[in-house]
There are 2 protein chains.
Amino acid sequence: MIRPTNAELAILGVLWQRGPSTVRDVHEALRAARGGVVGYTTVLKLLQIMTEKKLVKRDTRSRTHVYAAAVSEATTRDHLLSDLVDRAFGGSSLALVLQALSTTRATPAELEQIRRLLDERKGDSR
Amino acid sequence: MIRPTNAELAILGVLWQRGPSTVRDVHEALRAARGGVVGYTTVLKLLQIMTEKKLVKRDTRSRTHVYAAAVSEATTRDHLLSDLVDRAFGGSSLALVLQALSTTRATPAELEQIRRLLDERKGDSR
DNA sequence: TGACAAGTACGAAGTCTTTCGTATTTTGCA
DNA sequence: TGCAAAATACGAAAGACTTCGTACTTGTCA
C-alpha cells in the first residue's frame, strides 16, 4: 500500500532527515541536495497529494503548514523491497539478497557486519 | 539505462524462462501464470515498444515474429537494485542488504548459502 | 490602513505506461 | 481463386506522475 513515487521518496527523505518541516524547508533541502530544479509550488503540490495519500501528516495550526512523514523509513524500505522482490525476483527475497551481495562493493568491515547479522539469526527461520 | 516497467518485466520474465517466443507464446504464458487479463494486441504492442527500447530482439524472418530478451535477467536485476539503492537507500547497497536480511524469512539452509557467499568474498573489497 | 511578501489552493499541461480497437497484410486451403 | 484465420501496425484513450502558472488569502509594517 505504501509505494511512494520517485518525487515522493525524495521528499520523504528530507522529512526523515530533518523531521517536521515547512514547504520552504523541504524545497530548500531538495535544492541543496541535488541540482533540485524543482519549483516551490511543485513541492507544495506534492505535499498536498502526499497528505491525501497519508504519506505525510500536515499540521495546519499556523498559517505556514508543517509536514511530517507519516510512514517510517524502515517500513517504506520494506515495502519497496518486497515490491521489487515480487516484480523482479520471482518472489524470492533470498534471490534478491544473493544478487545484491554478489554485485555490491563491500569493505571487509561491512562484510563482517553482515556476518554478525547472520549470526544473530542463526537457526532462526523468522 | 535498463529500467523495464512493470508490464515489461512480466514479459521479460516469460522470455527469460521460455527463451525466444512468439507473441502468442508470451500471451498464453502470461495468461497462464497470473490471472493475466491482458489482450493479445496489448502484448504485441508492448513487445514492439520493447523492441524500440532495445529490451528485446525481434526476428522478423518468418511472418510470425519471434522475440528474445536482449537484456539478461542478472543485469536487469542489478539495474533495478541499484536504482532502488539510489532512490530509497541513500546510495548504500549495504543498507539495502541489511534491511533485506533483517526482514526476510530465510531457512537455516538459506542463511548458510549467504554465509558461503560471504566466505568467498572474504577480504575482497570488490 | 493599505500594499507587499509569503502562503496555500487549484487547474492544466506534458510525459509515460498500459490497454485495446481497428485497419491492413499475409497465408493456407477448400 | 478467393475467403477466413492469424499476424502485424497504428492510433487513441485512460490513468498516474510531475511540473508549474495563476488566483486567492493572510499577515506585517511603514
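Within every chain, numbering begins at 1; the chains are lettered A, B, ... in the order of the sequence lines, protein sequences first and strands thereafter.
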Whole-Å distance separating the [atom1] atom of [X] from the [atom2] atom of [N]:
| X | N | atom1 | atom2 | value |
| --- | --- | --- | --- | --- |
| A/L47 | D/dC17 | CG | P | 16 Å |
| A/M50 | D/dA16 | CE | P | 17 Å |
| A/H27 | D/dT19 | NE2 | P | 11 Å |
| A/L44 | D/dT18 | CG | P | 16 Å |
| A/I49 | D/dG15 | CD1 | C1' | 13 Å |

Does a side-chain N or O from [X] land closer than 4.0 Å to OP1 or OP2 of [N], or not?
| X | N | answer |
| --- | --- | --- |
| B/Q48 | D/dA9 | yes |
| A/R3 | D/dA16 | no |
| A/Y40 | D/dG21 | no |
| A/K45 | D/dT22 | no |

Is there a side-chain contact between [X] and [Y] (heavy atoms, below 4.5 Å)?
| X | Y | result |
| --- | --- | --- |
| A/R77 | B/T103 | no |
| A/Q48 | A/Y67 | yes |
| A/N6 | B/R87 | yes |
| B/L46 | B/T42 | yes |

Margin query: Under 4.0 Å from a heavy atom of chain B: give me the 5'-most and 3'-most nucleotides of DNA chain C that qualify.
Written below: C/dT17 to C/dT27
Item checked: Any side-chain donor near an acceptor of the partner, A/T22 and A/D25, under 3.5 Å -> yes
Margin query: Does B/R63 contact D/dA6 through a side-chain donor or acceptor facing the base, at a distance under 3.5 Å?
Written below: yes
Check: For DNA chain C, whose closest nucleotide is more 5', that of B/K53 or that of A/Y67?
Finding: A/Y67
